[in-house]
Amino acid sequence: MFSSLKSKTDFDHVYEKGKIFGNRNFTLRYVKNGKDANRLGIVVSKKVSNRAVHRNRIRRQIREAYRSTENAVKQGYDLIITAKPSCLGEDYSVLSRSLNHLFYKQDLLNRNQKK
RNA sequence: CAAGUAAACCAGAUGAUCGCGGGCAUACGCCUGAGGAAAGUCCGAGCACCACAGAGCAGGAUGCCGGGUAACGCCCGGUGAAGGUGACUUCAAGGAAAGUGCAACAGAAAGCAGACCGCCUGUACGCAGGUAAGGAUGAAACGGCGAGGUAAGAGCUCACCAGCGGCCCGGGUAACCGGCCGGCUAUGUAAACCCCAUUCGGUGCAAGACCAAAAGCGGCGACAAAAGGCAGCUGCUCGCUGCCUGCCAGAUGGUAGGUCGCUAAAGUCUGCCGGUGACGGCAGAAUCAGAUAGAUGAUCAUUUAGACAGAACUCGGCUUACAGGUUUAGUUGCAUU
RNA sequence: AGGGGUAUAGCCAAGUCGGUAAGGCACCAGAUUUUGAUUCUGGCAUUUCGUAGGUUCGAGUCCUGCUACCCCUG
């Protein structure tokens, strides 16, 4: 189980102070939060799709992808994952690999997992 | 067999593993968890708060008749009109004889009478009178068609049709239908203003109710000499009173936050009864979603491969989107018996 | 959750009370010029005003449903 970013001030803090990095499907922002655990925020805007069903599905897939790799991710960060329109219609396996790639590039994975 | 019509229904299923919301449980764990449209927010209600003596004006909505309903602009059953060979479908379907407006172009004339070409009679050949059959315009020209009639014509007369009216007759709760009689004309538009009838207070669960941290603020009350200052009684001391500052403790409003509202309901399913039907009545059954940045996902296997689409206070409708499929009841055509 | 507005040529747009859809820029053709710019003249909305229906003799305009976009309140 992981906690999530909730208030607007939390989001604003990450948007202002965080590092930004992205690939084809996602934009990742992260900043140290001084705690033991990570907090995750997921953003799927109406730019991606006007259909609530599509946005919900992408959000759930991101959540699932993060959950399955959480043990390998370094702790103590606030993360925001923003979906891009290219996520629409992609398979879960593609999204999952794409998210892993982001964590790897930003050196957020634990050492033993990196190898 | 083909084509077409109407109505009802399903909305992927099953299993395994990992995860999420809610409930129960000490715990292992068990149970449960999006839709027919959850959508658009177009109507109607419940519920909550605010406003409000009563009545009216203005404004909005609705508009054949009867019924259903908590209510409706919804539904059902009829009537009328239009379309279809038919099953059947569609219709904002009151009033134009209360008043006002509009009817471009064309046309002689566009709404209340009149007469361009005609036709007939008379004629002094300038025209005067009669007429509306025919022509031409237009979406629409003061009933249509036939016969009689006439100088030519005309509801002038007659039959049929259409329309209008009636203290009329019959049927129907009614809309209306059928008949009889009458006179012989009344353009269209109310989805133009309008008239008539019915109806409507406003805002919406971020409604609203309760608990309420820290810091600060506003006003209230009380205590005390534990402090000081100023003023007054009084020139001084004591004492008393008022104001200001400070301190102590209290209660109140209220922000973050939390709890409730919040899901058991005009609900769903099954059976019986009443009703043509919408629907109603009775009996029974079920641990029947309740989140709060907001729960349903991932992987694998089999299969007929699957659309449109995701609850946020709750219901009843309407509208719109929708793959594939199932069932029932009518219709038309062809073939065969 | 609640409320309001817009849609007319490639672009900006006018269009009242229903009766042949203004205007500007751009574009096309022609004239002027050796050529180009400027200037002048003419053309440019397929029955068509976001879309599907309805009322009407007739709809950009009136009525109803829908679509897209924009804005406001909390």
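Just so you know, these numbers use all the heavy atoms, side chains as well, and skip hydrogens, waters and symmetry mates. Keep in mind it's a predicted model, so treat the numbers as computed, not measured.
Applying the 90° criterion around 0 to the glycosidic angle, B/G155 comes out syn. Nucleotide B/A174 carries an anti base; the chi torsion (O4'-C1'-N9-C4 or O4'-C1'-N1-C2) is more than 90° from 0. Nucleotide C/A29 carries an anti base; the chi torsion (O4'-C1'-N9-C4 or O4'-C1'-N1-C2) is more than 90° from 0. C/C12 adopts an anti glycosidic conformation, its chi angle falling more than 90° from 0. Look at B/G80: its glycosidic torsion is beyond 90° from 0, and that puts it in the anti range.
One atom, CG of A/L99, and another, C1' of B/A298, lie 14 Å apart when rounded to the nearest Å. Summarising the geometry, the separation between CZ on A/R39 and P on B/A293 is reported as 13 Å, rounded to the nearest angstrom. Taking atom CG of A/L79 as the reference point, atom P of B/A293 lies 19 Å away to the nearest angstrom. In this structure, A/L95 atom CG and B/G297 atom P are separated by 15 Å, rounded to whole Å. Distance, A/E64 CD to B/U17 C1': 12 Å, rounded to whole Å. Taking atom CD1 on A/I58 and atom P on B/G310, their separation rounds to 13 Å, with Å as the unit. Per the geometry, CG belonging to A/N56 stands 12 Å off P belonging to B/A312, to the nearest Å. We find that CZ of A/R63 is positioned 9 Å from P of B/G21, with the value rounded to whole Å.
Summarising the base pairing, B/G107 is matched to no nucleotide, lacking a Watson-Crick or G-U wobble pair whose two defining distances lie under 3.5 Å. In this structure, B/G254 makes no Watson-Crick or G-U wobble pair, since no nucleotide meets both defining distances under 3.5 angstrom. Across every strand in view, B/G143 sits in a pair with B/C161 that passes the Watson-Crick or G-U test at under 3.5 angstrom. In this structure, B/C74 and B/G68 make a Watson-Crick or G-U wobble pair, each of the two defining distances being under 3.5 angstrom. Pair assignment for B/C30: B/G23, on the basis of Watson-Crick or G-U wobble contacts that are both within less than 3.5 Å. For B/U314, the paired base is B/A45 (Watson-Crick or G-U wobble, both distances below 3.5 Å). For B/U302, the paired base is B/A13 (Watson-Crick or G-U wobble, both distances below 3.5 Å). Pairing partner, B/U270: B/A283, with both Watson-Crick or wobble hydrogen-bond distances short of 3.5 Å.
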Q: Determine, step by step, whether A/H101 and A/K105 satisfy the side chain to side chain contact (heavy atoms under 4.5 Å, CB included) criterion, reporting the C-alpha distance in whole Å, the side-chain angles of both residues, the deciding distance to 0.1 Å, and the verdict.
A: CA-CA 6 Å; A/H101 168 255; A/K105 279 286 189 184; 3.6 Å; yes
Q.
Working note: A/V53 + A/N56, criterion side chain to side chain contact (heavy atoms under 4.5 Å, CB included); need CA distance, chi angles, decisive distance, verdict.
A. CA-CA 5 Å; A/V53 170; A/N56 258 339; 5.8 Å; no
Q | Intermediate values then yes/no, side chain to side chain contact (heavy atoms under 4.5 Å, CB included), A/L28 and A/F103 | A | CA-CA 9 Å; A/L28 176 69; A/F103 286 138; 4.1 Å; yes
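Of the N and O atoms on the side chains of A/R97 and A/N100, not one donor lies less than 3.5 Å from an acceptor on the other residue.
Judged by distance alone, the side chain of A/D78 and the main-chain N or O of A/V31 form no donor-acceptor pair under 3.5 Å. A/N23 places a side-chain N or O within 3.5 Å of a backbone atom of A/F26 that can act as its donor or acceptor partner.
Side-chain contact between A/Y66 and A/L79 is present, with heavy atoms from C-beta onward closer than 4.5 Å.
Nucleotides B/G107 and B/G135, compared at atom C1', are 13 Å apart to the nearest Å. Atom name P, nucleotides B/C57 and B/U198: the rounded distance is 12 Å, in whole Å. Nucleotides B/C161 and C/U46 are separated by 47 Å at their C1' atoms, to the nearest Å. When the C1' atom is compared between B/U337 and B/G324, the two are found 38 Å apart, to the nearest whole Å. Look at the C1' atom in both B/C180 and B/A106: the space between them is 47 Å, to the nearest Å. Taking the P atoms as reference points, B/A97 lies 44 Å from B/G46, given to the whole Å. A gap of 12 Å separates the C1' atoms of B/A225 and B/C247, to the nearest Å. Taking atom C1' in both C/C57 and C/C40, the straight-line distance is 45 Å, to the nearest Å.
At the heavy-atom level, A/Q61 lies under 4.0 Å from the strands shown only through sugar-phosphate atoms. Contacts of A/R55 with the nucleic acid, taken as non-hydrogen atoms under 4.0 Å apart, are absent.
Considering only side-chain N and O atoms, A/R60 lies under 4.0 angstrom from the phosphate OP1 or OP2 of B/U296. Note on A/R59: every side-chain N or O is 4.0 Å or more away from OP1 and OP2 of B/G294.
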